[in-house]
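What you see is a predicted model, and the numbers here were worked out from it, not measured in a lab.
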Amino acid sequence: MGDGSLDRRFGDLRSLMQSPRPGPEWSEALLRLLLSARDESPGAFDATWSPYLASFNELWASLPVALSDEAVAALSLDGDLSSIASVLPYARYALSFEGVMLTHARLDLALETARSLSLDSLSIDGVKLDSRRVGALAELSGEASPRAMTVRNTNLGRLYLSELGSSGLFESIESLDLESSEFSDRALVALMGSGHLPSLRELNLEANAVSDEGFGALVSMERAPLLRDVNLSRCPLTPSAMKHWTDEPGHWTGLDLSSTLVGEEGVLSVARSRRTASLTSLKLSNVTQHVNSPFAALVVSDHVRALKQLDVSSNGLGRVFVDALSASYSLRSLEELDLGGNRVDSEGLESILSSPAARHLTSLKLGGCPIGPDELHVIAAAMPEMNLTRLTTGGRDPVSADTLRMLSHTPGFERLRYLNLSGKIMDSAGVVALVESDRMALDALFLTGRGLDDDGSAALRGAGFASLAHEPGMWSRRGPSRNLE
């Protein structure tokens with residue numbers, strides 16, 4: 001490589017390092033540039049590029065790299081993905097195998113790459129596994145072992161798991177995501193019982209066949225002494241599962257039982273148990289329909305005083321629950337509240353927003369609540385005394401530009417970073433009223449409605465927003481993200 005070419009490439013590197021770093025696309029561009037530069041001029045790379053790269057210490061703690069069919073081919077260059085490790089030897093990687101079309105041959109190549117990298121996290125999504133590939137996963141133990149692992153939409157739960165559990169792979173794993181991976185009670189017990197899990201803090205078993213027996217095994221698990229956050233949403237748990245949620249003090253801080261069959265008995269068990277007292281996050285979305293009393297008992301229970309996040313959405317809850325929530329002094333630590341899909345009207349909302357439970361709220365979701373056209377006026381009246389940073393509004397009654405102007409000029413609006421106004425925009429003047437406010441500091445805005453015509457879209461772009469192609473209606477000023485809402 002000539003000096004001029006080297007200078008141009010180094011200029012490209014500087015530009016890349018100074019640009020936004022949204023994810024795998026940025027990493028792929030960086031790695032392709034580094035690999036080609038190192039291959040063409042190893043001496044110049046070691047003398048100039050390596051010291052410059054080493055100065056970005058914070059960036060290399062978890063560098064996202066996605067390996068799909070296309071990315072494997074794009075990054076492999078000469079077919080040797082292990083060369084990635086040699087250009088950034090101090091980096092740790094967030095490595096993901098994306099796409100259901102990832103062939104076994106390329107999966108083998110990707111797993112070989114994983115063994116050559118220092119992993120912060122590993123994600124496998126939508127890939128059919130077999131015993132050979134499970135064995136390859138087991139070989140990731142040791143220095144290459146990731147801190148977090150995601151194995152979603154696979155058949156892992158149907159495979160022989162003792163090799164994984166006893167390999168040492170899980171010794172350093174703090175977060176394990178096994179969503180939709182065909183885990184039964186037996187498979188869960190086999191996996192968790194085959195090896196010590198000294199670092200495991202978060203376990204996601206959403207949409208698996210884990211039922212009452214598996215829940216009991218998790219609650220009493222001694223092999224994961226640090227386990228704190230458990231997601232069992234969309235698992236076939238019944239009210240009988242909650243007999244394992246005994247009245248003994250517990251150590252879990254997060255529990256998600258959404259879309260299970262625990263019903264009103266399960267909610268009452270949670271409300272009455274001292275084990276609940278350690279929870280800071282509780283999700284009970286869609287577990288009953290129009291049965292208020294168990295949830296009313298929950299929100300006034302002495303055992304929910306530590307809760308910072310509560311999700312009771314899609315339970316058809318009405319006035320009895322709203323009155324109990326509004327009168328509760330047990331939820332004064334609450335920061336995030338999801339009431340979406342319940343029968344909360346404007347009077348009920350006003351009562352909730354003036355209650356002790358709303359004092360420290362930073363996130364409020366009301367999507368699907370039939371609040372009525374005065375909803376934004378009720379919210380605006382409470383906003384100056386609140387610390388809301390995220391708001392999802394309720395009913396779909398269109399609102400005027402004057403109402404949106406009133407909201408966006410209300411003291412406290414400047415604290416909002418995410419706002420969902422789906423269906424409420426009546427005309428482009430409403431969009432203009434929002435974005436022209438001196439208090440407008442939103443990073444993300446979700447909008448649908450007639451106001452999103454060419455003039456409304458132009459106003460958003462003029463304020464620095466860009467529409468996200470993968471999520472119609474979402475406008476962001478921070479680039480692509482999967483966690484905007």
Side-chain angles (χ1 to χ4, degrees), residues 200-206 210-222 224-235 237-288 291-315 317 320-339 342 352 355-361 363:
L200 187 63
R201 293 179 175 273
E202 300 176 9
L203 178 61
N204 181 10
L205 290 164
E206 180 178 354
V210 176
S211 61
D212 302 353
E213 180 185 350
F215 181 68
L218 283 172
V219 171
S220 61
M221 186 178 296
E222 297 179 355
L226 296 183
L227 185 60
R228 294 293 182 269
D229 194 306
V230 179
N231 182 351
L232 290 160
S233 60
R234 297 195 292 154
C235 290
L237 302 179
T238 72
S240 297
M242 303 312 295
K243 68 184 180 184
H244 302 291
W245 196 252
T246 60
D247 199 34
E248 302 172 359
H251 58 266
W252 287 5
T253 58
L255 177 62
D256 190 343
L257 297 174
S258 299
S259 298
T260 63
L261 303 174
V262 297
E264 56 187 291
E265 293 180 38
V267 177
L268 283 173
S269 295
V270 173
R272 294 168 177 167
S273 173
R274 287 186 296 167
R275 188 177 290 273
T276 301
S278 63
L279 294 179
T280 59
S281 174
L282 177 61
K283 298 181 180 181
L284 292 167
S285 173
N286 189 33
V287 295
T288 69
V291 183
N292 283 260
S293 56
F295 287 94
L298 176 70
V299 296
V300 299
S301 168
D302 286 339
H303 304 313
V304 299
R305 293 183 181 274
L307 281 184
K308 295 182 181 297
Q309 180 183 33
L310 177 62
D311 181 352
V312 292
S313 60
S314 301
N315 287 298
L317 303 175
V320 171
F321 166 76
V322 168
D323 289 345
L325 176 61
S326 301
S328 174
Y329 283 87
S330 297
L331 293 172
R332 285 177 289 182
S333 297
L334 203 61
E335 297 176 1
E336 301 179 31
L337 178 61
D338 191 343
L339 296 172
N342 290 301
I352 291 169
S355 72
R359 187 171 303 166
H360 300 293
L361 281 184
S363 175

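- Residues Leu203 and Leu218 meet the side-chain proximity criterion, which asks for heavy atoms closer than 4.5 Å.
- Side-chain N/O atoms of Ser281 and Gln309 include a donor and acceptor closer than 3.5 Å.
- No donor-acceptor pair under 3.5 Å is formed between the side chain of Ser328 and the backbone N or O of Ala324.
- In this structure, OG1 in Thr260 is found 11.5 Å from CD in Glu206, a value given to the nearest 0.5 Å.
- Counting only heavy atoms from C-beta outward, the side chains of Val299 and Leu310 approach each other to under 4.5 Å.
- Shortest non-hydrogen contact noted between Cys235 and Leu205 is SG-O, 3.2 Å.
- In this structure the side chain of Phe295 never reaches within 4.5 angstrom of the side chain of Leu325, judged on heavy atoms.
- Closest of all the heavy-atom pairs between Thr288 and Gly263 is CG2-C, 3.6 Å.
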What side-chain donor-acceptor pairs closer than 3.5 Å can you find for residues 239-249, not counting sequence neighbours?
residue, atom, partner, partner atom, Å
Trp245, NE1, Thr276, OG1, 2.9
Thr246, OG1, Arg275, NH2, 2.9
Asp247, OD1, Arg274, N, 2.8

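- Taking a 6.0 Å sphere around CZ of Arg272, one finds it holds 12 or fewer heavy atoms contributed by other residues, nucleotides or ligands.
- In this structure the side chain of Asn315 never reaches within 4.5 angstrom of the side chain of Val267, judged on heavy atoms.
- Side-chain contact check for Leu279 versus Val304: every heavy-atom pair is 4.5 Å or farther apart.
- Within the 4.5 Å cutoff, the side chain of Asp212 has heavy atoms near those of the Leu237 side chain.
- Residues Ser258 and Ser233 have side chains that never bring a donor and an acceptor to within less than 3.5 angstrom of each other.
- Glu335 is linked by a salt bridge (Lys or Arg N to Asp or Glu O under 4.0 Å) to Lys308, counting only residues two or more places apart in sequence or in another chain.
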